[in-house]
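Values below: every heavy atom of this structure, side chains too, minus hydrogens, waters and symmetry copies. This structure is a prediction, so every number in the text was calculated from the model and none was measured. Order of appearance sets the numbers: ligands from 1, and atoms from 1 within every ligand.
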Amino acid sequence: MRKPVIVGNWKMNMTVSEAKNLLADLKEKRLDTEVEAGVCTPAIDLPIAAEILEGTNIGFGGQNMHFEESGAFTGEISPTMLKDVGATYVILGHSERRDIFGEDDKLINEKLLSAFDHDLTPILCCGESLEEREANKQEERVKAQLEADLKDISESDIKKLIIAYEPIWAIGTGKTASADDAEAMCAFIRNLVAELYSKEAAEAVRIQYGGSVKPANVKELMAKENIDGALVGGASLKADDFEALVNHRG
Ligand SMILES: O=C[C@H](O)COP(=O)(O)O
């Protein structure tokens, strides 16, 4: 039985002062303990997340990391730094990192290997562009991404991975993929994991949908067999919405 997992991706939002308020509000919420909840904050907010979320069942993590532990990599954050502050998650291969910052599958694969080496839970993002969707190439695109990103990832690690299927055209646009379309792609990804690894690995891996998830549509998405959670941008920035997302079963 896979535990549902709802993670907020704050992206480049929340100054430390704003983060303090949001985290304090989140701490007051009574969240369904049968759902795993987490927030991936800007790096500068991580220490405050560690302090305020201590003793709650809300985990936290980074939105990106370098694969090396330290060195001359100006502007980067390392897996060791994430671990040291108490982070459990790290988002890797988000489409904004791929498209705006030019991250390719080889780099994402190195980061993924490093995240597992450092006992972090990676949330690996994949998904197609609008052009690819219109050309019906979404499966081809996601398959190519995952095959490259998962190179040399072991069977035991894949079972700990969270994969976030995020069609780029649905991110921050208010256009959610229909629950059926999202389910079809999550099922495709699960079958791909079965092909690349095993049926057991496919049963264990958790697959999130991401792209304009909000309180109004989370229940329908989460009711689908192959959707185990959501990676949420905009709606994770309000404590009430985040609570509603996590408590969707109620
Ligand atoms: O990582 C989260 C996704 O990019 C979705 O963002 P969104 O919920 O604002 O559409």
Side-chain angles (χ1 to χ4, degrees), residues 4-14 18-19 22 26 35-43 45-46 49 58-65 77 82 87-101 103 108 111-112 115 120-130 132-133 138 141-142 145-146 149 161-179 181-183 185-186 189 206-222 224 227-246 248:
V5 56
I6 305 280
V7 176
N9 174 11
W10 289 6
K11 307 195 178 183
M12 196 176 73
N13 295 293
M14 295 289 144
E18 290 166 341
L22 176 54
L26 288 176
V35 175
E36 190 176 313
V39 289
C40 289
T41 75
D45 297 331
L46 288 169
I58 307 173
F60 65 94
Q63 299 174 7
N64 182 31
M65 64 168 216
I77 181 167
L82 287 173
T88 48
Y89 305 103
V90 62
I91 298 173
L92 295 176
H94 191 282
S95 61
E96 288 149 18
R97 298 296 321 168
R98 293 176 190 261
D99 293 349
I100 306 171
F101 301 100
E103 294 195 6
I108 294 161
K111 292 181 180 201
L112 200 56
L120 288 158
T121 299
I123 300 174
L124 172 64
C125 302
C126 60
E128 79 286 355
S129 65
L130 183 59
E132 288 159 342
R133 168 63 65 161
Q138 61 274 16
R141 177 76 186 118
V142 165
Q145 283 176 332
L146 291 181
D149 298 345
L161 178 65
I162 299 173
I163 298 175
Y165 167 64
E166 300 205 320
I168 298 170
W169 48 271
I171 296 176
T173 57
K175 284 187 204 163
T176 322
S178 73
D181 283 347
E183 164 65 10
M185 282 306 291
C186 291
I189 291 168
R206 289 184 295 175
I207 304 174
Q208 295 175 317
Y209 167 76
S212 299
V213 177
K214 41 193 180 281
N217 59 23
V218 68
K219 204 166 179 167
E220 191 189 0
L221 288 161
M222 292 297 293
K224 296 293 180 188
I227 301 180
D228 305 313
L231 185 60
V232 187
S236 71
L237 299 173
K238 287 188 188 140
D240 287 346
D241 285 352
F242 190 73
E243 177 189 34
L245 292 165
V246 174
H248 64 271

Visitor: How would you list, by chain and number, every residue that makes a salt bridge (Lys or Arg N to Asp or Glu O under 4.0 Å) with R97, sequence neighbours excluded?
Guide: E103
Visitor: For I123 and L92: C-alpha separation, side-chain torsions, deciding distance, then whether side chain to side chain contact (heavy atoms under 4.5 Å, CB included) applies.
Guide: CA-CA 6 Å; I123 300 174; L92 295 176; over 6 Å; no
Visitor: Sequence neighbours excluded, which residues qualify as salt bridge (Lys or Arg N to Asp or Glu O under 4.0 Å) partners of E96?
Guide: K11
Visitor: Could you tell me which atoms of ligand 1, counted from 1 in the order shown, lie closer than 4.0 angstrom to a heavy atom of N9?
Guide: 1 (O), 2 (C)
Visitor: Any side-chain donor paired with an acceptor under 3.5 Å for E128 and W169?
Guide: yes
Visitor: Polar-atom distance check: T173 versus ligand 1, any N or O pair below 3.5 Å?
Guide: no
Visitor: May I ask you to test the S236-D241 pair for a side-chain heavy-atom distance under 4.5 Å?
Guide: no
Visitor: Among all protein heavy atoms, pick the one closest to atom 9 (O) of ligand 1 and tell me residue, atom and distance.
Guide: G234 N, 2.8 Å
Visitor: Which residue owns the protein heavy atom closest to atom 2 (C) of ligand 1, what's the atom, and how far is it?
Guide: E166 OE2, 3.1 Å
Visitor: Ion pair present between D149 and K111, side-chain N to carboxylate O less than 4.0 angstrom?
Guide: no
Visitor: Is the contact between I171 and ligand 1 made by the side chain, the backbone, both, or neither, using heavy atoms and a 4.0 Å cut-off?
Guide: both
Visitor: Please compare A230, G233, G172 and report which has the shortest non-hydrogen distance to atom 10 (O) of ligand 1.
Guide: G172
Visitor: Consider ligand 1: state whether an atom of it lies below 4.0 angstrom from any non-hydrogen atom of K11.
Guide: yes
Visitor: Should you measure from each heavy atom of G211, which atoms of ligand 1 turn up under 4.0 Å away?
Guide: 5 (C), 10 (O)
